[in-house]
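Computed over heavy atoms, backbone and side chain alike; hydrogens, waters and symmetry mates excluded.
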Amino acid sequence: MSDTKQFCTFHLGNLFLGIDVACVQEVLRYQQVTEVPLTQPVVEGLINLRGQIVTAIDFRRRLEMEERPPSCEPTNVVIRTNDEVVSLLVDEIGDVLEVPDESFEPPPDQLKGIARELITGIYKLENKLLLVLDVKKTLDFNAAITMAPSSLAKT
Amino acid sequence: MSDLEGLDEILSDLVIESLDGLDQVDRDLIALEKDPGSTETLSSIFRTVHSIKGASGFLTLTKLESLAHAGESLLSLLRDRKIDTSPDTITILLRMVDALRDILTHLDKEGTEGPNDYSELKETLLALVDSTSPMADQGTEETRSSQSFPSGKSSPDTVEAAGNQEESSSSMEVPPSNEGSEKSPGSTTDETGLPQNPSAPAQPLPGSVADSTIRVDVATLDRLMNLVGELVLARNQILQFTSSLEDTDFLATSQHLNLVTTELQEGVMKTRMQPIGNVWNKFPRIVRDLATSCGKKVRILMEGRETELDKTILESIKDPLTHAIRNSVDHGIETPKDRKSLGKPEEGTITLRAFHEGGQVNIEISDDGAGLDLDKIKEKALSRGLVTPDQLLTMSERQIIHLIMKPGFSTAEKVTNVSGRGVGMDVVRTSIEKIGGTLDIQSAKGEGTVLKIKIPLTLAIIPALIVTSKGDRFAIPQVSLVELVRIEAEKVKEEIETIHGCSVYRLRGNLLPLVDLDQQLLRGSSGSFVDHLEEVHIVVLQADDRQFGLIVENILDTEEIVVKPLGKQIKSVTAFAGAAIMGDGKVALILDVLGIAHQAGVISDEGDAEIIEHPEVLPNASSREVDPLLLVSCDNGARAAIPLSSVSRLEEIQRSSIEHALGKDVIQYRGNIVPLIPLSDFTTGPRNRPEENPDDQLNLVVVHTNSGEPLALVVEEILDIVDDSGPLTNKGKRPGIKGVSVILGTVTEVIEIEDLRPAMASSTMSDDCIA
């Protein structure tokens, strides 16, 4: 009997990602958001979660992936960390998986850029790979755009 | 302190209870100094120190225990009247309280008793005890244990300290025996009387408090608030259903739900409210320490300490209030000698007042000190380059007083350790304004200064104006709002002028810089108004000393909004102060007026680069006095002009709401009875006044006389506001008329407000005045 960990999994494009299940507060279908001007596109907007205002983050943009096709309605994965509640917009929610520790490997060296920063490791499942995210780092960014009133206007 | 691990909870209880207790001891000691005979006060102090000693002994906190023990020994002597309470004794005891507090704070933060060594203080205390111990032979249990207390840690300077104390305690007097220790209870309580119940023991025993109250984490309350807010939304939706359904049971149930929800909401709000006395309680001690160090005599009076405020606001006014009080003691109150020579009582008085008014909390700090020296302020402002001599000439007294709230201003002649650290009233002002409050200073030389602070009841709920930008709603806090201006589509081109890419609007003669909200939010904008085809809405906002106009797409309504913080990812966007959930459950962002102003460059960080732009201090305010005039027409067809400076408001009323008193027409207006004056009684018009009909709408111009008395002038129509009147002719020919002038090509009578009232009184009130 080896140790196992539980991950809340979801799909993002062709990636299969997981977050420590203990961080996930709830999963919601797409909510209407209020756009926040003067922020980078990674901030999708604000949603009203039972009276609490929660920042929704487009996870595709956070991982610098291509835009979500319009036909795909994203799902909110509401994450609670020590100091805040944030919603990640993902393509499709998966199951909660229990994976054995021995199938874990650190990310390959050729993984570069933002993905390298946010992905802590890979679990080798039978027919696919589960990429595990560092929640703290995922949420740790400043989305304010510094004022240079030129070409930053949102489209 | 590994041996304490299992006792964490007991420890934190000890810290919280003891700190509360020490605050009370602080107050009691001050009270004791004023009234050394009060056994009750002494007992209260004694109990607190005793219970700290007991608890710390149990937790083997040796430093805390030994110090509390030394204090207790001295206190027991005082209680048993073995020694007298001299100011020096009080000072020593206050030092002990500070030391205990310091240890407790260390315990709270680090779990240790902290690095400070109080053995010297302890020895001083014990020396004081020892010096009188021969008299205390038959002493109580406490005194005996104090003598048997191991003095192994005694430092070499014990003897010296004891010597010092000998001196002070040698000035012993016969203790005043059982003179009445209670002041008569009243709405004004000074620091000697406890407001809650002057005749009860000074502090309830810890056990009884624990039975009736519990401590709740503020975060828990915040969460409750959120949920209640959500419940209110759900309730509103259900209430909407009720209108379309006819099921009486459902109707009754939803009404019940409605009631309960409302009460629940009020209840939860109330949990966050705390009396302002909680903050004020620290002040007697601060004032005492400060007055002693400045060699002044100051007492502090408090009124309305039960006035309740939201906890977060309470926290944020603590520092500014402390600062203001320190200022009063340090700069305001004169030395006893000076006061005597001025014929004032030697002891200065600082009065704190708090009361609710109009959904706001007013706090007044007044002192009977020297007041502000206008000349000195002028001098200082000039030398600091805050104003130019020309500007000073045109400034009113009030504006000059307000100069002391500018950054970099301090009137203290010498830098004391109390103030003059380069911060001053501007800090007080900024902290008050940060929570949406306002600060006003009134002062009369030689008579004192009054600081008036107005703050909202709660930060959580604020009134806000809802505007839109590209269809999205944004909330603007009402405190920053000055007025709304609408420019009709066909006038946009001429009324909005552009200087080098910056748009400005002439608002009653002053240039108002314009900021386009869409553009500031980077949502695209036409940029210029040359080809603007729609009407323009301008929200005039106050940011610091400046006003600017924010151009918005549309203005919706004012609403009470619940302010919620933004996530950390977007917190640094200075244009937003937070977010709020609107009635339909959607989220709207709250604009940070200062942030927008900074971003748009309407106000700059270099505060002294430009001078306050008050309407009164216009560059063109040269020799000829320019007072804008309100142009109206009277119901006899005459045109009249009223000086805008005396106009308070424009109102519209039904003729049927006119009442009669003292042979005059009057209306009830904002809680006052205001006489109604038909302007046509004074003006000369081409036609007779039309028949009066009870359904008529009357246009009123509410003006105020120099003495502040309101009058309501009945006019037919409000025409315009003009800046420029031609020369006045026929001055003073008729009562109530200043003269005649040609305004906008028409002969117009200029009204003299000060004359209206006497003129009205003397003119026979003709019957047609009464509807």
Problem - Which of A:Ile57, A:Asp140, A:Ile53, A:Asn142 touches chain B most, by non-hydrogen pairs under 4.5 Å - result: A:Ile53

Problem - Check ion pair A:Glu84-B:Lys568 (N to O, under 4.0 angstrom) - result: yes

Problem - Engaged part of B:Leu566 at the chain A interface, taking heavy atoms whose separation is under 4.5 Å - result: side chain

Practice task
Side chain from CB out, backbone as N, CA, C, O: work out which of these in A:Leu139 comes under 4.5 Å of a heavy atom of chain B, or both, or neither.
Solution key: both

Problem - Any donor-acceptor pair under 3.5 Å from B:Thr468 side chain to B:Glu553 backbone - result: no

Handout entry: Near-ring test A:Phe10/A:Phe16, centroid separation under 6.0 angstrom
Key = no

Problem - The single option from A:Val99, A:Leu97, A:Val21 passing side chain to side chain contact (heavy atoms under 4.5 Å, CB included) against A:Gln6 - result: A:Val21

Problem - Option in B:Asp472, B:Thr574, B:Val573 with maximal non-hydrogen atom pairs under 4.5 Å from chain A - result: B:Val573

Practice task
Name the option with the most non-hydrogen atom pairs under 4.5 Å to chain B; the candidates are A:Ile47, A:Thr34, A:Asn48.
Solution key: A:Asn48

Exercise for the section: Please examine the side chains of A:Arg68 and A:Pro74, heavy atoms only from C-beta on, and report whether any two atoms are closer than 4.5 Å. Expected result: yes

